[in-house]
Number of protein chains: 2
Amino acid sequence: MSETDQVPPKSLKQLAYETLKEKIVSCEILPGTLLTEDSLCDMLKASRTPVRDAISRLEQEHLVSIKPKKGIRVNRVSMNNIQELFAVRVMFAPYIVRNYGNRIRDEVYTRFIQQFKRTDCTKEELFQLDNEFHQTFVDASGNRYIASVYEMIKDQVVRYRILSTAGNRLDTTQTEHHAIATRCLCGDWDAAAEAMRVHIENSKLAIINYVIDTNRNAHNVFIEEEEE
Amino acid sequence: MSETDQVPPKSLKQLAYETLKEKIVSCEILPGTLLTEDSLCDMLKASRTPVRDAISRLEQEHLVSIKPKKGIRVNRVSMNNIQELFAVRVMFAPYIVRNYGNRIRDEVYTRFIQQFKRTDCTKEELFQLDNEFHQTFVDASGNRYIASVYEMIKDQVVRYRILSTAGNRLDTTQTEHHAIATRCLCGDWDAAAEAMRVHIENSKLAIINYVIDTNRNAHNVFIEEEEE
DNA sequence: CATTATAATGATGTATACATCACTTGTCAA
DNA sequence: TTGACAAGTGATGTATACATCATTATAATG
């Protein structure tokens, strides 16, 4: 009885939250979609109570907006939103590298560096490696508020990455990550933080350029002004 | 019909959220208290649905923890929590001064400076002035994610201020705010950001010193380790 | 007297019924 | 044909009934 059912049976509200969030950031549900609670109950195989709980959390993360008596709007992406999101990332990422990078063991950095040199990774593997790298610094902080902030912006960034399919930017990402990790290994935290800032700024520019290139063809997804 | 009933009739869930949060950060409900949904329904004069919604939001802000099948724990304050909270403030406050201070009109700064010179303010007035000053920079950013971060940490700080009653620190706060505003008025944003950083660090030290002085007498409120 | 098993209690998790409000559509009149 | 009013539809807001699980107390047995 010790290890048979050690799996914590996730509550429906947690499951609904994760499932719905996944569908939104993966753009299976497109930005701008107007949902109803009933359709979500059907989609998530749960009743309104856990679904409403999930919606409430996603609204706090600015992924959806609850329009009273109308429905649940999956927030559109916009140039404005990109600016806001990356303003937080620029504040955030260099700070945690600068302040908590020294809590990470050298072996972790060397392992990352080896991974960043690989050229035979699939796109999915690179995505995951990217997430792990950034998450490492968040975990090193051991700070629940920092973790919350990262949780709020992380998945939005994932959504933009999926929308922009930036295949050719992945190599650059590897190079920039490599630069950050090597400076951490040297203990040059100012340089590491600066490298992280540059990395975030470049990432922002890549996404903005993509939006500029494609917003003619996808006005229903990329929109400048929020409605209502 | 234009300005008669412009008051948006607040939903019960919004009302429940604000009321409960107010009771927690004002320490009318002491840290460490274990609540039940039923008692909250009674207290907030609402049914479980809006109450659960409020609890869910407060859990995301780390003000309460939902203990399945046990109750709702009002999170205790701890030295660890203070460190985490102020780590975010130190990252946050100087950044927005540095980046968005120039969006605030000179008149706003001069008005604040006049207020900071006053010596006839009540404690409540000083509290409010303090909040307004910091909120001004958040609003200047026009960034919803920054606003969310500030919303998450702001009220926690209020709670510590109420617990520590730091009467003698209020004068120092006025002086430090004055220093920040004058540097903003000069357009010396690096100096303004540095003044803000010093201000936050001092604020943190004042609270930590208070906790060290009093944690013997209030072990039920100040506790180092989280339970369970 | 101690220990274990069982039943009762009380908490949240979940589902659903009812209330309220906004919007749309259809009909009637000018 | 157009406009206004009313009824119907469908959405969330709210309340409550039921399910599940953990804890505790009590009783029975060694």
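Numbered from 1 within each chain, the chains take letters A, B, ... in sequence-line order.
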Asker: Could you check how far CD1 of B:Ile55 sits from C1' of C:dT14, rounded to whole Å?
Answerer: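 From B:Ile55 CD1 to C:dT14 C1': 15 Å.
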Asker: Send over the distance from B:Lys10 NZ to C:dT20 P, rounded to a whole Å.
Answerer: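 Taking NZ of B:Lys10 and P of C:dT20, I get 22 Å after rounding.
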Asker: I want to verify a distance call: between C:dT20, C:dA15, C:dT12, whose nearest atom is closest to the B:Lys69 side chain?
Answerer: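 For B:Lys69, the side-chain atoms sit closest to C:dT12.
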Asker: Mind checking B:Thr49 for me? I need base, sugar-phosphate or nothing, with any heavy atom below 4.0 Å counting as a touch.
Answerer: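 Here B:Thr49 touches the bases of the nucleic acid.
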Asker: Side chains of B:Glu18 and B:Gln14 only: does a donor on one sit below 3.5 Å from an acceptor on the other?
Answerer: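 Distance-only check passes for B:Glu18 and B:Gln14.
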Asker: Can you tell me which nucleotide in D:dA15, C:dT14, C:dT12 comes closest to the side chain of B:Leu12?
Answerer: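 It is D:dA15.
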Asker: Does one side chain, of A:Asn131 or A:Arg161, offer a donor that lies under 3.5 Å from an acceptor on the other?
Answerer: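 A pair is found: one side chain offers a donor N or O, the other an acceptor, under 3.5 Å apart.
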Asker: Check the distance between C:dG13's C1' and B:Lys67's NZ and give it to me in whole angstrom.
Answerer: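 Whole-Å distance recorded here is 17 Å.
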Asker: Is the base of D:dT12 touched by the side chain of A:Lys70 through a donor-acceptor pair closer than 3.5 angstrom?
Answerer: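 Donor-acceptor pair under 3.5 Å: no.
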Asker: Tell me yes or no: between the side chains of A:Asp139 and A:Tyr150, is some donor less than 3.5 Å from an acceptor?
Answerer: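 No, no side-chain donor-acceptor pair sits under 3.5 Å.
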Asker: Quickly work out the B:Lys45 NZ to D:dT14 P distance and round it to whole Å.
Answerer: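 After rounding, the reported distance stands at 17 Å.
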Asker: Could you give the CD1-to-C1' distance, from B:Ile72 to C:dG13, as a whole number of Å?
Answerer: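 Taking CD1 of B:Ile72 and C1' of C:dG13, I get 12 Å after rounding.
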Asker: Whole angstrom is fine here: how far is it from NZ in A:Lys13 over to P in C:dA15?
Answerer: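 After rounding, the reported distance stands at 13 Å.
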Asker: Regarding A:Glu61 and A:Arg57, does a basic nitrogen lie under 4.0 Å from an acidic carboxylate oxygen?
Answerer: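 No salt bridge links A:Glu61 with A:Arg57.
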Asker: Output yes when at least one side-chain N/O atom of A:Arg52 is less than 4.0 Å from OP1 or OP2 of D:dG13, else no.
Answerer: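 Yes, A:Arg52 has a side-chain N/O under 4.0 Å of OP1/OP2 on D:dG13.
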Asker: Can you tell me how far C1' of C:dG13 sits from CG of A:Asp53, to the nearest Å?
Answerer: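 Taking CG of A:Asp53 and C1' of C:dG13, I get 10 Å after rounding.
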Asker: Need to verify one output field. Residue with the more 5' nearest nucleotide on DNA chain C, B:Pro68 or A:Pro50?
Answerer: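 The 5'-side residue here is B:Pro68.
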Asker: Check whether any side-chain nitrogen or oxygen of A:Ser47 sits under 4.0 Å from OP1 or OP2 of C:dA15, and answer yes or no.
Answerer: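 It does, given that an N or O in the side chain of A:Ser47 lies less than 4.0 Å from OP1 or OP2 of C:dA15.
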Asker: With the threshold set at 4.0 Å, does a side-chain nitrogen-carboxylate oxygen contact exist between A:Arg111 and A:Glu107?
Answerer: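 No.
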Asker: Using whole Å, report how far CG of B:Leu40 lies from P of D:dA15.
Answerer: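 Going from B:Leu40 (CG) to D:dA15 (P), I get 14 Å.
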Asker: Counting distance alone, no hydrogens or angles: does the base of C:dG13 have a donor or acceptor under 3.5 Å from a partner atom on the side chain of B:Arg48?
Answerer: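 Indeed there is one.
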